[in-house]
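The sequence lines fix the lettering, A, B, ..., with proteins before strands; numbering per chain opens at 1.
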Amino acid sequence: MSRRLVGTIAPVLAVMVVLALPLVTTDRYLFKVLTFVGLNLIVVAGLALLFGYAGQISLGHAAFFGIGAYTVGYLTADGAVPWLIATLAATVLAALVGFTLALPMLRLKGHYLGMATLGFSEIMTVLFVEARGITGGNDGLRGIPYPVLGPFKIATPGGVYLLVWITAIIVLVLAGNLVRTRPGRALRALHGAELGAQACGIDTGRLRVQVFALSAGLAGLAGALYASSVGYVSPTTFSLEFSVLLVAMIVLGGTGSIAGPVAACVGLTLLPYVDALIPGLPREAVSFLQDWEADIAGIVMILVLLFAPGGVAGLIRSMTRAGDSR
Amino acid sequence: MKTRRSVLATVLVALLMAAALSGCSGKGNGGSKAGEGGDAPYRIGAIVSLTGSYAGLGTPEQKAIEMEMKRINDAGGINGRQVEVIFEDDATDPAKAQAAVARLLEQENVIAVIGATGTSQTMALRDDIDRAGVPQVSMAGGSVITAEFDKNVFQTPWPNRIVVPFTLRALKDRGLVDVAVISDTGGYGKDGHDLILKGATVAGVKIVADETFNPGDTDMTAQLTKIKSASPDVVLLWNAGKEAAIVAKNIKQLGMAVPLVGSPGNGRREFIEGAGDAADGFRFAAGKILVPEAYGEGTPAFQVAKKFIADYSFAYGVAPDIFAGHAFDAFLVVTDALRRIEGEATPASLRDAIEATDGLVGVGGTFAYSAEDHNGLTEEELVFYRIEGSTWVLDK
Amino acid sequence: MTVLATRGLSRRFGGLVAVDDVSFDVHAGMIKALIGPNGAGKSTLFNLLTGFDRPDAGDISFLGASILGWAPHRVVRAGIARTFQNTQLFDEMTVAENVLVGMHTCLRAGFAEGSLRLPATKASERAAVEQACRLLRLVGADRFADSPGADVPHGVRRLVEIARALASNPKLLLLDEPAAGLNNAETHALATCLRRIQADGTTILIVEHDMGLVMEISDEIIVLDRGRKIAEGPPLLIQKDAAVIEAYLGEVIADA
Amino acid sequence: MSSSELLQFLISGLQSGAIYALVGLGFTLVYASTGIINFAQGEFFMLGGVLAVAGVRIGLPLPLAIVAAVVISAGVGVAMERIALRPRRDSGALVLIIITIGVSMVLKSVARHAFGPNEMALPAFTPGPPVLLLGAAIDRQVLWIWGLTLVAVIGLTLLYTRTRLGRAMRATSLSHDAARLMGIDTAGVVMISFGLAAALGALGGAAVAPLTQTAFDAGARAGLKGFAAAILGGLGNPIAAVLGGLVLGVLESLSVAFISSTYKDAISLVLLLAVLFLRPQGLLGKSGREKV
């Protein structure tokens, strides 16, 4: 079979598996966990562009996720605003905040950019807690309705799962297209050699703002879907740990790649639930896994990067290279 | 090369999902069988925070429940059936708590859920609990849990809406009228803070200063300096974390002669250890478990509390704290209701039985639930404590 | 026709005057060389011309309009492309992709079109790839088209940068020491290549240390010394200029 | 507001600020020799505290317990560098930073397994009533923290300017390759910086524990504040880190005094962002290219 054929068939096959899952099982737990995977994939797609391609670190994407979640939670409460409009508004609002933030942050690089985004995220956490009229404070927003698309109410975990994954797949396909065309090349150029990029006529400042806003918007979209699918939003979800985990997914997946971070995202998101996903584990093993989850996650991160510094993508790259030379 | 990469990645995703799928469906079937058998154990789910910021609360909760489960099973179980508690760690994260409850309901077919440790985590479960119609007994103290009434949700701790008015009245009774409030910005502190501000006038006290700090702050002298300049009769502290000890020490450092009063969340040994001699004279309201004699020696409540303290100390080498007590009560509420059910125990019949709980003596007090009240405790269960010589004594 | 004109251009770094009151013209279709000893201010001048740095005084006009204070990307869009003394290739991208980035200003697709990959976008992408291959053949780097930028030998990196600069379809090409690191045969090939670029109608301003190459290809030469223009004229005159010989050629002879 | 109150606010700010500074110093030390941010730095602060408590609990005298805690933490820091970072030292800052995040997760979790989830108290170094200064009160332990910060800054400055090791560290920070050409054992320098940073963090953690108690999760917040301090001051320079920490602490304390205690973190962060937007390289940082 030619490589090209495999290249077309495998993603189609994977998409079919994803879409066919609700026909095979009705396990609500499985759908919930996989919904988390899909939501993270949407954020990761944006972060892969921002960080993996353009090399701009953000330790604040949990905050954009939160902005999206609270916007939908606030707007759709009591069915005041239709779900679709609220979701779009959440996406746009997150992107706008990202845009506004990116303007002054243009001058910052590396660790300083990391600190600035982190600081923004911490400020947002304070607002999430204090702006009680909108966010419900520490008690959070509850009873956020399920997504409604025209006459269809998507009110089952299976339905929500499908909605989230279809969104994620669309986002990933678009991101995959993007990196292979003009704007994607410009992003990689920005990361590779900024002077060279400018000499190629790339408006690096504008590009930075654009990609930051785009990735913030995607995080907002994921947050919006999170609010509708979980039905409950509270400030502790949008933590620094979440932002750091997202960045870790990109690095573990490999920079300059979409597929790598996707694989890392699936792996890292499922890791805490692994005890429930492996059939027939004895009770002792389950409680051991739960107790040592953070250690395992940390060690996995260290080991992956020790043995594959290019992340999953680097690993696959070197495997194919070895295959090619044979 | 590029296609090859995406191929491998997608295959990886598909494989992981397939593994997940086979795992879940397999487990789901096993679970449903276990739930139906006549002699099969009663399956109860428990969602506790064993990691994350509430790990210090969730761990003793799990210990108390495990201890009681073992005791009941060793004594032959309930109605001749064993009790099996399936623990889930929510890592102090509402989203994880929600996944955990879905698992307990879907794969483990539990007939009741105990948990969660925290208020946010408790609230996150509500939709799933309602859909499944399974009773939930929370160990978190947030007022919202039972104030936003839900027919399936019960609560064992004294929520702030009971403790705060009691505390404010106690201040008034002691002639401490000008109150300076300092609270943390976490859920528990904020809840208490709001109720204090709301209840001040009714109780006849005046709020002369209102300061906050964040969980994890290392120094409150700035806030206390402001409070000092308001010259209050008393500083009222509302939080449950380790920062309480810092507040006590900072007050002493600033040479403030004003008494410090706290919340039930400060009824922990770690506070006394952390604050050292600055803890002396610290007062707070809490249930009677800290000094069981408060129940009156020989009363049933006294005996329950005494036995729990003895059992727990024997099993784990340390005295239980109030969180262990809340967990003990939650488990007691569920198992007591199970005993009272006639015929097959279902989530619905269990819920009804829990709601019918009346005069159940736990370590936090005597529980009497009703169709309107799912907290089941009253101010009667509270007493005022003072710390003296590194231990708790009643402050009459 | 004058393509580029500078008037009284100056740039100071603290106490050091890197470019001191420099005025010159570059006429259409010529290859003009900018020479001078190390530290004469050639690279600083290039940076001023391309918007990477701002002059403290003076004016730059391109095709009759002032481009003073324009950002680099605007300068490129106007029609000036450059290479760097320390090459600025995108190491993680292939050589062909490097040249495609150079086409940034000629292509249209933004974020929306790029992610949707509309038929029109696909068609222009295909055309762009063909053009990139053509340019790589022109500079003689086509056999490296699929290698990552990082794996390309040093001399070839400069050629790739030339191809990348040409990709923006410039009217004026600024080359900063393109022959550094090339052997004799390669330098000769470069000269041929530059003549072909000139024949295609692109004006070239080149900074170069290889005097053989400079004398061979340039129509006019400007000599800078410590920031000042000390001579300007055709190669034969420059070779005889006493000030130039004193300031610069002597140094080269001493080195050799 | 009376002047003694103002002084008290200032002291309060300098108290928190010195804690931030001590953690920030560790960040800046590692950054200077490797160009990376060590996200596990906060965990060394935690380790210093919990190990010192553990030492006291097994009956060691307090000074010995602290020394043991610092030495063990330094050992952990060195081991971390040898095992988890050195094999990948040529892989770029990003990979190394994510590895330090992994290490931090493991250290925190292992500490929870070893010492439990509850907070632990450490006795004061020199118990006694607070020291009064013009009507403002200073806890004796705070004097220790200030003293340690001062000693650390002077020590590091002397180390950098007066010793061969310090010169080697500075050379390494400028360019690993050049330093290696000059015959400097850069791997050794990096290892020593990690050990030193870990020791410094642990010492800070032990010094702060009597004031605040400590627990397995004390590292995250300390790390956050220390990182902010190092960035605010400008990475790579000990004095800058201390300045950043003190400024941050005083900012927080003054926002409590004049604005609102609820928004003190937000206010200090907004100011931090403002400083960064105006001076992208921090207060004392030199502008220039970064290694990320």
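Residue C:Phe24 qualifies as enclosed at atom CZ: its count of foreign heavy atoms under 6.0 Å is above 12. The 12-atom threshold is exceeded at CZ of C:Arg195, counting heavy atoms of other residues, nucleotides or ligands nearer than 6.0 Å. Atom CD of C:Glu92 has 12 or fewer heavy atoms from other residues, nucleotides or ligands within 6.0 Å.
Separation of atoms CG (C:Asp91) and CZ (A:Arg188) is listed at 12.0 Å; rounding is to 0.5 Å. In this structure, CD on C:Gln88 lies 10.5 Å from SG on A:Cys200, to the nearest 0.5 angstrom. To the nearest 0.5 angstrom, A:Leu49 atom CG is 9.5 Å from C:Ser115 atom OG. Distance check, rounded to the nearest 0.5 Å: CZ of A:Arg182 to CG of C:Leu100 gives 12.0 Å. Note that OG1 of A:Thr181 is 9.5 Å distant from CZ of C:Phe111, once rounded to the nearest 0.5 Å. From A:Leu195, atom CG reaches atom OG1 of C:Thr87 across 11.5 Å, with rounding to the nearest 0.5 Å.
A 4.5 Å side-chain heavy-atom check between C:His73 and A:Gln198 finds every atom pair outside the cut-off.
Only the side chain of C:Phe84 comes within contact range of chain A, judged by heavy atoms closer than 4.5 Å. In this structure, chain C has a heavy atom under 4.5 Å from the side chain of A:Leu214, while its backbone stays farther away. Contact annotation for C:Arg74: neither backbone nor side-chain heavy atoms come within less than 4.5 Å of a heavy atom of chain A. Residue contact with chain A, scored on non-hydrogen atoms closer than 4.5 Å, is absent for C:Leu174.
A salt bridge does not link A:Arg180 to C:Glu125: none of the charged side-chain nitrogens sits closer than 4.0 Å to a carboxylate oxygen.
For the residue pair A:Pro183 and C:Gly110, the shortest heavy atom distance occurs at CG-O, 3.3 Å.
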Kindly determine whether A:Asn177 and C:Leu116 satisfy side-chain contact (heavy atoms from CB on, under 4.5 Å), including the steps that lead there.
-> CA-CA 7 Å; A:Asn177 283 340; C:Leu116 291 174; over 6 Å; no

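Interface remark: of the candidates A:Ala197, A:Ala186, A:Gly205, A:Ala197 forms the most heavy-atom pairs closer than 4.5 Å to chain C. Contact count versus chain A (heavy atoms, under 4.5 Å) is highest, among C:Arg117, C:Met103, C:Glu113, for C:Arg117. In terms of heavy-atom pairs under 4.5 angstrom with chain C, the leader among A:Ala199, A:Gly192, A:Gly201 is A:Gly201.
Of the residues A:Asp203, A:Leu207, A:Ile202, the one that meets the side chain to side chain contact (heavy atoms under 4.5 Å, CB included) test with C:His104 is A:Ile202.
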